[in-house]
Amino acid sequence: MNVSLADQREESLRGFEAAIQSVPEVMECYLMSGEVDYMLRVVVAGTSDFERIHNQLTRLPGVARVQSSFALRPILKRTSLPLR
């Protein structure tokens, strides 16, 4: 999931980052550069559970927009680094 805040003031970032800690379905959260402010990896049981998490995230402090995408099926997933 990608989260955009209403603004990027330090107190807005801190408020969101503190609040996201209380959402157990969020497995990873990254501060991003570019179009969105945060990228989240979440775990859900199904589409209704996803809707619940989506609604919960939209109510967190400073959130202006939440965008999501789903993987339909894996094509390639490497776990080793191509070190020479």
Side-chain angles (χ1 to χ4, degrees):
M1 301 180 86
N2 294 318
V3 175
S4 297
L5 301 184
D7 63 69
Q8 287 73 40
R9 292 176 297 143
E10 187 65 30
E11 59 267 20
S12 298
L13 298 174
R14 280 196 309 267
F16 175 80
E17 291 172 11
I20 201 69
Q21 304 290 326
S22 68
V23 183
E25 295 84 359
V26 175
M27 304 303 290
E28 298 175 39
C29 178
Y30 300 94
L31 178 63
M32 303 297 290
S33 65
E35 301 242 346
V36 299
D37 296 312
Y38 294 93
M39 181 177 64
L40 313 177
R41 187 173 67 87
V42 301
V43 61
V44 296
T47 55
S48 61
D49 195 33
F50 171 79
E51 184 177 8
R52 179 184 62 80
I53 298 303
H54 183 274
N55 291 336
Q56 183 179 1
L57 293 176
T58 61
R59 292 189 298 269
L60 292 180
V63 172
R65 183 178 59 230
V66 176
Q67 297 173 308
S68 305
S69 58
F70 295 92
L72 297 175
R73 64 183 167 94
I75 305 301
L76 175 67
K77 183 177 180 182
R78 293 187 174 120
T79 58
S80 61
L81 297 174
L83 301 177
R84 296 184 181 153

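Just the heavy atoms: all of them, side chains too, but no hydrogens, waters or symmetry mates, feed the values below. Along the sequence shown, the residues carry numbers beginning at 1.
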Between A19 and P61 the two heavy atoms that sit nearest each other are CB-CD, 3.6 Å
Q: Establish whether V44 and L60 are linked, either directly or via other cluster members, by ILVMFWY side-chain heavy-atom contacts under 4.5 Å.
A: yes
All heavy atoms of Q8 vs all of L13, minimum pair found to be O-CD1, 3.8 Å
Between the OG1 atom in T58 and the CD1 atom in I53, the distance rounded to the nearest 0.5 Å is 11.0 Å
Under 6.0 Å from the CD atom of E35, do we count more than 12 heavy atoms belonging to anything else shown? no
Inset, instruction - Treat each ILVMFWY residue as a node, draw an edge where side-chain heavy atoms are under 4.5 Å apart, and state whether V23 and V36 are in one component. - result: no
Between S12 and D7 the two heavy atoms that sit nearest each other are OG-OD1, 2.6 Å
ask   = Given the rule that I, L, V, M, F, W and Y join up when any side-chain heavy atoms are under 4.5 Å apart, are V26 and M1 in one cluster?
value = yes
Rounded to the nearest 0.5 angstrom, the CD1-CD distance for I20 and E28 is 12.5 Å
- prompt: According to a 4.5 Å side-chain heavy-atom criterion applied to Ile, Leu, Val, Met, Phe, Trp and Tyr, with indirect links allowed, do M39 and V3 form part of one hydrophobic cluster?
  reply: no
So do V66 and N2 actually touch side chain to side chain, heavy atoms under 4.5 Å?
no
Pairwise side-chain contact, L40 with L57, heavy-atom cut-off 4.5 Å (strictly under):
yes
Can you confirm whether Y38 sits close enough to L31 that some side-chain heavy atom of one is under 4.5 Å from a side-chain heavy atom of the other? yes
Contacts of F70 meeting ring-ring contact (aromatic ring centres under 6.0 Å, His included) (sequence neighbours excluded), chain-then-number -> F50
To the nearest 0.5 Å, atom CZ of R59 lies from atom NE2 of H54 at 11.0 Å
ask   = Do the side chains of D49 and R52 get nearer than 4.5 Å, heavy atoms only?
value = yes
If you count heavy atoms of other groups shown closer than 6.0 angstrom to CD of E51, is the number above 12? no
E11 and R9 have their tightest heavy-atom pair at OE2-NH1, 2.7 Å
